[in-house]
Amino acid sequence: TPEELNKGLPQAGANRASQAPTGGPAKAFEAINATVTEDIVTTIKGIFQFNLTGAEEGTWHLDLKNAPGGGAQGEPANKPDVFMTMDSGDFQKMFAGEMQPTT
């Protein structure tokens, strides 16, 4: 789940915003890709597609099913298990730990 992945992202305790990726989805995926491990892939076993709207509209994916795991812009090579459509600002907040994915 995004909550499990979020646990692996670098955060500064109560001051999580100081560690939040800035620069849009590309920077968020750089941070995500830097934290993806084999353990995360074998635990989560899912492919996520993010259809972002708003200021930084676009399609991104996160493959946590197939080694080595990771994400990038565009649709995944394999069928996604989860589709999420959200505002790009909310995407940033979710991966910065400032918003729960189920909100």
Side-chain angles (χ1 to χ4, degrees):
T1 66
E3 290 106 340
E4 291 170 329
L5 179 61
N6 196 28
K7 290 177 188 174
L9 292 174
Q11 298 181 359
N15 191 9
R16 293 190 230 198
S18 67
Q19 293 291 322
T22 58
K27 287 290 186 183
F29 275 93
E30 283 180 28
I32 292 165
N33 286 335
T35 64
V36 172
T37 65
E38 185 177 330
D39 287 341
I40 289 173
V41 173
T42 58
T43 300
I44 295 181
K45 300 177 188 171
I47 300 174
F48 301 83
Q49 180 171 315
F50 300 93
N51 301 311
L52 303 182
T53 60
E56 300 194 57
E57 184 175 322
T59 300
W60 293 79
H61 71 275
L62 182 57
D63 185 341
L64 298 176
K65 183 182 259 185
N66 304 293
Q73 191 167 19
E75 294 185 10
N78 297 306
K79 182 181 175 188
D81 299 297
V82 177
F83 291 89
M84 292 184 168
T85 300
M86 66 180 65
D87 181 79
S88 58
D90 289 343
F91 172 84
Q92 287 289 104
K93 290 176 187 175
M94 182 175 75
F95 279 100
E98 298 169 1
M99 183 173 116
Q100 294 298 316
T102 56
T103 300

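In what follows, every heavy atom counts, from backbone to side chain, and hydrogens, waters and symmetry copies are set aside.
A 6.0 Å sphere centred on NZ of Lys65 holds more than 12 heavy atoms belonging to other residues, nucleotides or ligands.
The distance from atom CG of Asn66 to atom NZ of Lys45, rounded to the nearest 0.5 Å, is 12.0 Å. With rounding to the nearest 0.5 angstrom, the CG atom of Asp87 is 8.0 Å from the NZ atom of Lys93. In this structure, the separation between CG on Asp90 and CD on Glu98 is 10.5 Å, given to the nearest 0.5 Å. How far CE of Met99 is from CD of Gln92: 11.5 Å, rounded to the nearest 0.5 Å. Note that CG of Asp63 and CD1 of Ile44 are 11.0 Å apart. Values are rounded to the nearest 0.5 Å. Here the straight-line distance linking atom CG of Asn78 with atom CD of Gln49 works out to 12.0 Å at 0.5 Å rounding.
Side-chain contact between Met94 and Met86 is present, with at least one heavy-atom pair separated by less than 4.5 Å.
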Test side-chain contact (heavy atoms from CB on, under 4.5 Å) on Ile47 and Lys79; report intermediate values, then the result. CA-CA 7 Å; Ile47 300 174; Lys79 182 181 175 188; over 6 Å; no

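Between Glu56 and Pro25, the closest heavy-atom pair is OE1-CD, 3.2 Å. Considering all non-hydrogen atoms of both residues, Ser88 and Gly54 come closest at OG-C, 4.1 Å. Minimum heavy-atom separation, Ile40 to Thr35: CD1-O, 3.4 Å.
Applying ring pair (Phe, Tyr, Trp, His ring centres under 6.0 Å) to Trp60 and the options Phe83, Phe29, Phe50 leaves one that passes, Phe29.
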